[in-house]
2 protein chains.
Amino acid sequence: MAQTVKKDGTVGKALEILDLVATFNRPVRFSELLSISEQPKATLYRFLQTLTNQGMLSYDEDRQVYSMGLRLVRLAHSAWQSASLAPLASEMLDILEEEVGETIHLAQMENGQVLFVDKRRSSVLFETLAQAGRIAPAHCTGVGKAILAFMAPERLERALKQQAFVPYTASTHKDRESLIAEFDTIRAEGVAFDREEHERGIISIAAPILLNNGKVVGSVSIATTTSRHSLKDLETFKPQLLQATKAIGDAATTWQFPSPK
Amino acid sequence: MAQTVKKDGTVGKALEILDLVATFNRPVRFSELLSISEQPKATLYRFLQTLTNQGMLSYDEDRQVYSMGLRLVRLAHSAWQSASLAPLASEMLDILEEEVGETIHLAQMENGQVLFVDKRRSSVLFETLAQAGRIAPAHCTGVGKAILAFMAPERLERALKQQAFVPYTASTHKDRESLIAEFDTIRAEGVAFDREEHERGIISIAAPILLNNGKVVGSVSIATTTSRHSLKDLETFKPQLLQATKAIGDAATTWQFPSPK
DNA sequence: GTAGATGTTCCAAATAATGGAACTTAGTTT
DNA sequence: AAACTAAGTTCCATTATTTGGAACATCTAC
């Protein structure tokens with residue numbers, strides 16, 4: 001279990017249920033939730049009512065199904081704007097995209113997983129919230145490994161405990177040791193490679209975003225397909241990538257929120 | 001006060017605090033929150049701790065400020081995908097954009113406010129404030145009025161109670177009566193106009209998205225600036241707009257979530 | 001009509017939230 | 001450098017809320 005022990009009382013339980021509904025990625029019946037949830041019937045029922053009342057979930061009376069609520073979209077907009085690296089990094093990502101002409105991802109760590117907070121892609125027009133918010137495992141992605149390799153010991157320890165080490169492809173790290181073994185190389189080179197570890201045919205080069213005090217706050221990757229490019233090709237983008245992550249790191253360090261006055 | 005009476009115990013209070021932090025749109029200190037919150041010091045403190053623990057908020061130890069948490073971005077991604085009209089409407093919005101070549105917004109109602117869930121824009125120059133997740137008042141926007149005018153009586157009543165009737169411009173409806181008076185026209189014409197009611201120089205034409213059973217579930221608008229177009233110009237887009245909203249309404253009506261099995 | 005499953009409500013017991021006040025730390029003034 | 005002030009944190013007996021087993025209601029299928 002990648003789940004950590006929760007000690008946050010009623011609120012924690014309610015949010016756990018929110019996560020539960022989210023994992024379905026489709027409207028879901030009460031009984032379906034009941035069968036997976038730890039909570040007894042009446043308790044689960046009450047939580048669903050409360051969350052629906054609050055707009056965190058929505059309930060379709062005709063179909064008798066729960067979905068995620070729009071209040072989340074509103075709240076996330078605020079989160080994305082004021083708490084993610086996206087607004088800060090936007091310019092640098094634009095520049096990087098222009099330089100390399102490949103798909104760019106901006107990621108941060110959330111509960112041991114990689115959370116994509118922004119993206120640039122050379123071809124198709126896309127809407128931010130549609131793609132932002134997607135998650136991926138940390139142990140088998142360039143963005144994930146780039147962050148993990150630069151984490152402080154106890155933060156890393158916590159993150160590693162949350163990895164499930166699902167072996168997506170033949171080259172996926174299948175245990176903790178194998179993953180850790182790569183960190184020295186990543187730290188030495190300053191970049192991490194995804195060698196089709198998450199998806200066959202998809203490779204990437206990723207670099208961490210570091211604050212001036214050394215803390216990792218996120219990472220940027222340049223991703224492509226094996227049919228278009230080799231790892232060697234990606235390596236030629238390294239200078240531009242590092243320049244971008246450096247610039248974002250500097251911006252994140254000096255960034256001050258607007259004075260309260 | 002546009003605030004409704006909350007009866008959702010601890011969870012409701014916690015979410016209220018989340019909203020409170022969101023309104024700041026910037027990292028915020030404990031004392032700032034305390035000064036506006038209803039909650040006593042210790043209670044507020046504990047809630048902030050819990051929410052931070054849960055990833056719904058994030059806390060910057062150095063600056064001692066709270067921001068919205070990335071868990072919201074993850075959850076909202078799920079909400080946007082499975083509970084908003086956006087995925088369903090995407091194709092139709094693409095077509096509409098191509099036909100009219102102006103900025104398109106897709107909106108839904110959330111807690112009496114208009115919530116933008118998707119957007120298409122033809123020119124980068126004309127940057128409206130609206131992006132996915134962004135909110136706006138209902139009483140002074142095309143999308144808002146288009147939805148309100150087609151709401152069932154008690155839903156409308158609840159929504160009207162939540163309007164603050166802030167007079168943004170000279171043409172903003174400044175009270176309930178003035179707003180309601182326009183509804184007959186909107187219902188008769190099938191579209192609502194924003195006559196610079198929210199922002200000077202910005203006008204729009206909007207149409208409701210109706211399910212086959214008559215329920216309004218959202219609206220679509222075509223927005224432009226007065227320097228580029230007049231209201232008459234916008235009116236020429238009416239057929240295309242109505243065709244798009246009809247198609248989205250049909251899709252929303254027949255849409256079935258993937259079978260649980 | 002009946003069986004079975006799903007969804008909703010009740011209420012006394014168990015538990016968690018509450019908040020006034022005391023305490024600690026950080027920042028400022030005399 | 002002591003005294004003051006404001007901000008943030010912890011404590012704990014009291015209070016209020018959550019809890020969940022079980023009964024009840026509703027729907028579905030045969």
Side-chain angles (χ1 to χ4, degrees), chain A residues 3-21 24 26-54 56-69 213 256-261, chain B residues 4-21 24 26-69 213 256-261:
Chain A
Q3 279 290 55
T4 44
V5 190
K6 303 282 167 65
K7 266 290 201 176
D8 289 318
T10 314
V11 176
K13 284 178 214 164
L15 296 177
E16 213 171 294
I17 287 167
L18 218 51
D19 268 345
L20 198 64
V21 177
F24 280 86
R26 60 169 172 83
V28 62
R29 293 189 80 87
F30 175 70
S31 58
E32 297 183 86
L33 291 168
L34 183 61
S35 67
I36 330 180
S37 170
E38 315 265 79
Q39 308 296 336
K41 217 177 181 185
T43 304
L44 177 64
Y45 184 75
R46 232 175 314 103
F47 272 126
L48 289 173
Q49 293 238 110
T50 304
L51 290 169
T52 303
N53 243 324
Q54 290 289 325
M56 302 297 278
L57 293 177
S58 71
Y59 181 65
D60 181 332
E61 298 204 331
D62 299 331
R63 303 195 214 278
Q64 296 199 111
V65 285
Y66 296 90
S67 323
M68 303 303 283
N213 63 19
Q256 297 281 358
F257 56 90
S259 137
K261 180 115 66 51
Chain B
T4 43
V5 189
K6 303 280 168 66
K7 265 289 200 177
D8 289 318
T10 313
V11 176
K13 283 180 216 164
L15 296 177
E16 214 171 291
I17 286 168
L18 218 49
D19 268 344
L20 197 65
V21 177
F24 279 86
R26 59 169 172 82
V28 61
R29 293 188 79 88
F30 174 71
S31 57
E32 296 182 86
L33 291 168
L34 183 61
S35 66
I36 330 178
S37 170
E38 314 266 78
Q39 308 297 337
K41 216 178 182 183
T43 304
L44 178 64
Y45 183 75
R46 232 175 316 104
F47 273 126
L48 291 173
Q49 292 238 109
T50 304
L51 290 169
T52 303
N53 244 323
Q54 289 290 326
M56 302 298 277
L57 293 177
S58 71
Y59 181 65
D60 181 333
E61 298 204 330
D62 299 331
R63 303 197 214 278
Q64 295 198 113
V65 285
Y66 295 90
S67 324
M68 304 302 284
N213 64 18
Q256 297 281 359
F257 55 91
S259 138
K261 180 113 68 52

Identify the two heavy atoms, one from [X] and one from [Y], that lie closest to each other, and give their separation to 0.1 Å.
| X | Y | answer |
| --- | --- | --- |
| B:Glu32 | B:Arg29 | OE2-N, 2.9 Å |
| A:Ser67 | A:Val21 | C-CG1, 4.2 Å |
| B:Ser37 | B:Leu44 | OG-CD1, 4.1 Å |

Send over the distance from [X] [atom1] to [N] [atom2], rounded to a whole Å.
| X | N | atom1 | atom2 | answer |
| --- | --- | --- | --- | --- |
| A:Glu16 | D:dT19 | CD | P | 12 Å |
| B:Leu33 | D:dA7 | CG | P | 13 Å |
| B:Phe47 | D:dG8 | CZ | C1' | 18 Å |
| B:Leu34 | D:dA6 | CG | C1' | 12 Å |

Legend entry - Contact check, side chains of A:Phe24 and A:Leu33, non-hydrogen atoms, under 4.5 Å: yes
Legend entry - Close side-chain approach of A:Gln54 to A:Leu51, heavy-atom, < 4.5 Å: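 The answer is no, as the side chains (C-beta and beyond) never meet within the 4.5 Å cut-off.
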Inset, instruction - List the steps and the verdict of side chain to side chain contact (heavy atoms under 4.5 Å, CB included) for B:Gln39 and B:Tyr45. - result: CA-CA 9 Å; B:Gln39 308 297 337; B:Tyr45 183 75; over 6 Å; no
Legend entry - chain B contact limits on DNA chain C, taken 5' to 3' with a cut-off of 4.0 angstrom to heavy atoms: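 Listed 5' to 3', the contact boundaries are C:dA17 to C:dG20.
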Inset, instruction - Please test A:Asp19 against A:Glu16 for side chain to side chain contact (heavy atoms under 4.5 Å, CB included), starting from the C-alpha separation and ending with a verdict. - result: CA-CA 5 Å; A:Asp19 268 345; A:Glu16 213 171 294; 5.6 Å; no
Inset, instruction - Report the residue (B:Thr10 or A:Phe30) whose heavy-atom-nearest nucleotide on DNA chain C is the more 5′ of the two. - result: A:Phe30
Legend entry - Under 4.0 Å protein heavy-atom contact, by nucleotide of nucleotides 20-28 of chain D - B base, S sugar-phosphate only: BB-------
Inset, instruction - Specify whether B:Tyr66 and B:Tyr59 have parallel, tilted or perpendicular ring planes, treating 30° as the upper limit for parallel and 60° as the lower limit for perpendicular. - result: tilted
